[in-house]
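Quick note on labels: first sequence line is chain A, next is B, and so on, each numbered from 1. Keep in mind that this is a model prediction, so the values were computed, not measured. The analysis underlying the following values was restricted to heavy atoms, covering all of them including side chains, and did not include hydrogens, waters or symmetry mates.
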Amino acid sequence: MLFDDVAATSAAVAAASGRGAKTDAIADLFRRADPADAAIAATFLVGDPRQGRTGVGWATLRDAPAGSAAAPSLAVGDVDESLSRLASTSGPGSQAARRAVVADLFARATAREGDFLRRLLMAEMRHGALDAVVLDAAARAADVPVAAVRRAAMLTGDLGRTVAITLGAGSTGLAAVGLEVGRPVMPMLASPATDVADALGTGPAPAAVEAKLDGVRIQLHRRGDDVAVFTRNLNDVTARLPEVVALARSLPVDVFVLDGELVGISAADAPQAFQDTMSRFGRDDAASSPTVLRPHFFDVLHAGGDDLVDEPLAMRRDVLAEVASHYVVDGTVTADPAAAARFLDATVAAGNEGVVIKALASTYAAGRRGESWRKVKPVHTLDLVVLAAEWGHGRRTGFLSNLHLGARDPTGGPPVMVGKTFKGLTDAMLASQTEALLAREAGRDGIVVFVRPELVVEVAVDGVQTSTRYPGGVALRFARVRRYRDDKPAAAADTLDAVRALGAGTVRRSG
DNA sequence: ACCTCATGCCCC
DNA sequence: ATTCCGA
DNA sequence: TCGGAATGGGCATGAGGT
């Protein structure tokens with residue numbers, strides 16, 4: 001199959017307005033491809049090729065020429081090979097070698113292929129179709145129920161393989177796919193709730209209320225001495241976590257799949273700040289960090305030969321207590337919002353992020369962000385000064401979008417930048433802020449428009465973290481705009497000290 | 001030897 | 001990660 | 001209700017440059 005077939009499909013997907021039409025365009029491609037090519041094409045269409053890390057980014061592509069070939073000649077397999085070469089290039093001179101591979105690809109590409117190639121290497125397809133649409137298209141092409149395809153994708157964690165199975169073996173092949181110890185499953189996700197009452201819902205049934213730890217999600221697999229650890233994105237991080245491997249081998253059950261969170265702990269057994277956990281977790285050499293990582297499990301997908309994903313949470317929790325009793329996340333079971341709120345306050349005071357509230361009757365819905373798991377975190381608000389804004393892309397083209405936010409200097413100096421945000425802005429706010437900001441323009445640099453520091457926005461944040469990027473030494477975490485404070489002058493904005501105070505909770509960074 | 005920049009199926 | 005919007 | 005897009009800060013690493 002020609003690479004241009006995939007590029008043409010992407011263009012058709014981008015041009016199609018509805019999801020049904022996008023699905024049809026991809027299904028048409030799949031019908032024309034053999035399963036192996038379709039598997040590669042599927043990973044290209046979602047911008048996630050099998051080679052993973054290519055070492056090519058914005059700076060490498062900046063100087064790459066546009067596609068200039070007159071007619072398509074690249075095969076899907078040619079691009080696949082080039083990606084493999086990029087991924088395996090390292091050492092001195094590798095930057096130049098990568099540029100050469102990229103230049104060769106673009107030289108052989110037409111303009112349409114070059115455009116697609118650029119988006120593929122940047123992992124930014126922006127044609128309105130990713131995993132869900134591609135799986136839907138595979139189901140349509142093979143004329144099998146989409147639910148069966150999705151189930152296989154969640155259990156294999158592998159889009160390309162799932163497409164190949166769907167096209168090559170149909171319903172029979174999909175039905176044969178099951179949970180496999182040692183192969184990661186897409187983790188179940190929680191949807192946000194405004195407070196514990198919202199999370200508990202209207203029903204009288206008690207729910208599990210568990211501490212939400214501010215660390216790294218892990219999935220731990222064991223079969224005898226074979227142990228593997230995967231992240232939320234199904235990356236294999238086993239080699240980085242020797243202590244977790246040892247812990248897995250020490251547990252009283254031989255075969256299992258556990259779901260949990262990994263957090264650095266201080267000498268006093270208190271959870272460390274996320275940044276300290278990452279400092280240790282991100283490291284190749286575990287011994288070079290003083291931080292000790294400790295897993296806290298909250299679910300079990302398989303134990304002793306039994307698959308548990310279709311069992312109710314109440315039963316899975318009982319099994320978990322047997323498999324990993326000393327490493328089960330802190331929690332309680334209640335239907336009472338007041339009791340849940342008390343647990344939330346206590347766990348936050350202990351240095352945790354919030355709570356996750358789970359229906360006891362729910363099964364493990366791999367890869368889903370459903371209503372069975374709801375997360376609640378404390379929210380803080382700040383009134384900050386808009387210092388600048390950046391021109392947006394995509395559907396935000398033509399609007400000033402990403403705001404630079406400053407806190408007031410209590411000594412009277414100019415506001416101190418503490419972060420940016422583009423979240424929380426409706427189309428109407430985007431339009432009105434573009435007008436209001438341009439009226440206060442004070443200069444430009446690239447896509448940044450600087451403004452006189454007069455406008456104040458109310459910003460919601462989950463907290464602040466230490467920063468080396470910003471002059472105040474702090475940065476906002478997950479900032480989003482709530483509203484413009486037209487009633488407030490910049491002189492009444494919150495101070496840098498007020499921002500720093502949000503980081504002075506129970507969790508401290510280690511020195 | 002040290003600094004800067006770019007990169008990441010990065011983590012959140 | 002959070003949020004808004006189209007389907 | 002779901003899926004996609006638009007973008008945030010910080011971390012270690014490794015290449016390249018001084």
Give [X] one of three labels, base, sugar-phosphate or nothing, depending on what nucleic acid heavy atoms sit under 4.0 Å from its own.
X	answer
Ala59(A)	sugar-phosphate
Thr54(A)	sugar-phosphate
Gly282(A)	sugar-phosphate
His127(A)	sugar-phosphate
Val46(A)	nothing
Thr43(A)	nothing
Asp48(A)	base

Quick one: closest heavy-atom pair of Leu437(A) and Val451(A), and the distance?
O-CG1, 3.3 Å
For the side chain of [X], starting at C-beta, report the closest nucleotide among [options].
X	options	value
Lys377(A)	dG16(D), dT2(C), dC11(D)	dT2(C)
Val133(A)	dC12(B), dG4(D), dT7(B)	dG4(D)
Gln275(A)	dG6(C), dG4(D), dG10(D)	dG10(D)
Arg283(A)	dC11(B), dT13(D), dA1(C)	dT13(D)
Asp284(A)	dT3(C), dT13(D), dA7(C)	dT13(D)
Asn233(A)	dC10(B), dG10(D), dG3(D)	dC10(B)
Pro92(A)	dG16(D), dC11(B), dA7(C)	dG16(D)
Asp427(A)	dG9(D), dC5(C), dG8(B)	dC5(C)

Using a cut-off of strictly less than 4.0 Å, decide whether [X] has a side-chain nitrogen or oxygen near OP1 or OP2 of [N].
X	N	answer
Arg232(A)	dA1(C)	yes
Lys423(A)	dG8(D)	no
Arg395(A)	dA5(D)	no
Ser279(A)	dA12(D)	yes
Arg469(A)	dG9(D)	yes
Asn402(A)	dA6(D)	no
Arg126(A)	dA6(D)	yes
Thr421(A)	dG9(D)	no
Arg150(A)	dG3(D)	yes
Ser467(A)	dG10(D)	yes
Thr231(A)	dC11(B)	yes
Arg480(A)	dT3(C)	yes

What I want to find out is whether [X] reaches [Y] closely enough, with some N-O distance under 4.0 Å, to be called a salt bridge.
X	Y	value
Lys22(A)	Asp136(A)	no
Arg50(A)	Asp158(A)	no
Asp383(A)	Arg482(A)	no
Asp494(A)	Arg485(A)	no
Asp115(A)	Arg118(A)	no

Using heavy atoms to find the nearest nucleotide of DNA chain D for Asp131(A) and Gly91(A) separately, return the residue whose nucleotide is more 5′.
Asp131(A)
Tell me which of Val134(A) and Gly419(A) sits closer to the 5' end of DNA chain D, going by the nucleotide each one is nearest to.
Val134(A)
With side chains defined as the heavy atoms from C-beta onward, is the minimum distance between [X] and [Y] less than 4.5 Å?
X	Y	answer
His404(A)	Val448(A)	yes
Leu174(A)	Arg151(A)	no
Leu117(A)	Phe106(A)	yes
Ser191(A)	Arg374(A)	yes

When you match Arg369(A) and Gly20(A) each to their closest nucleotide on DNA chain C, which lands nearer the 5' end?
Arg369(A)
On DNA chain C, compare the nucleotides closest to Phe478(A) and Val481(A); which residue's is nearer the 5' end?
Phe478(A)
Between atom [atom1] in [X] and atom [atom2] in [N], what is the gap in whole Å?
X	N	atom1	atom2	result
Gln272(A)	dC11(D)	CD	P	13 Å
Arg19(A)	dA5(D)	CZ	C1'	14 Å
Leu425(A)	dA6(D)	CG	C1'	11 Å
Met278(A)	dA12(D)	CE	P	8 Å
Phe274(A)	dC11(D)	CZ	C1'	8 Å
Asp214(A)	dG9(D)	CG	C1'	13 Å
Leu262(A)	dC10(B)	CG	P	17 Å
Phe281(A)	dC11(B)	CZ	P	5 Å

Nearest-angstrom distance, [atom1] atom, [N] to [M]:
N	M	atom1	value
dT7(B)	dC11(B)	C1'	14 Å
dA6(B)	dC10(B)	C1'	14 Å
dA12(D)	dC12(B)	C1'	15 Å

Pairs counted only when both distances fall under 3.5 Å, Watson-Crick or G-U: show me the 5' to 3' dot-bracket for DNA chain D, [ ] for pseudoknotted crossings and | for other-strand partners.
||||||||||||||||||
Let's go through Trp391(A) and Val449(A) carefully: what are the C-alpha distance in whole Å and the side-chain angles of both, what is the deciding distance for side chain to side chain contact (heavy atoms under 4.5 Å, CB included) to 0.1 Å, and is it a yes or a no?
CA-CA 8 Å; Trp391(A) 290 108; Val449(A) 175; 3.4 Å; yes
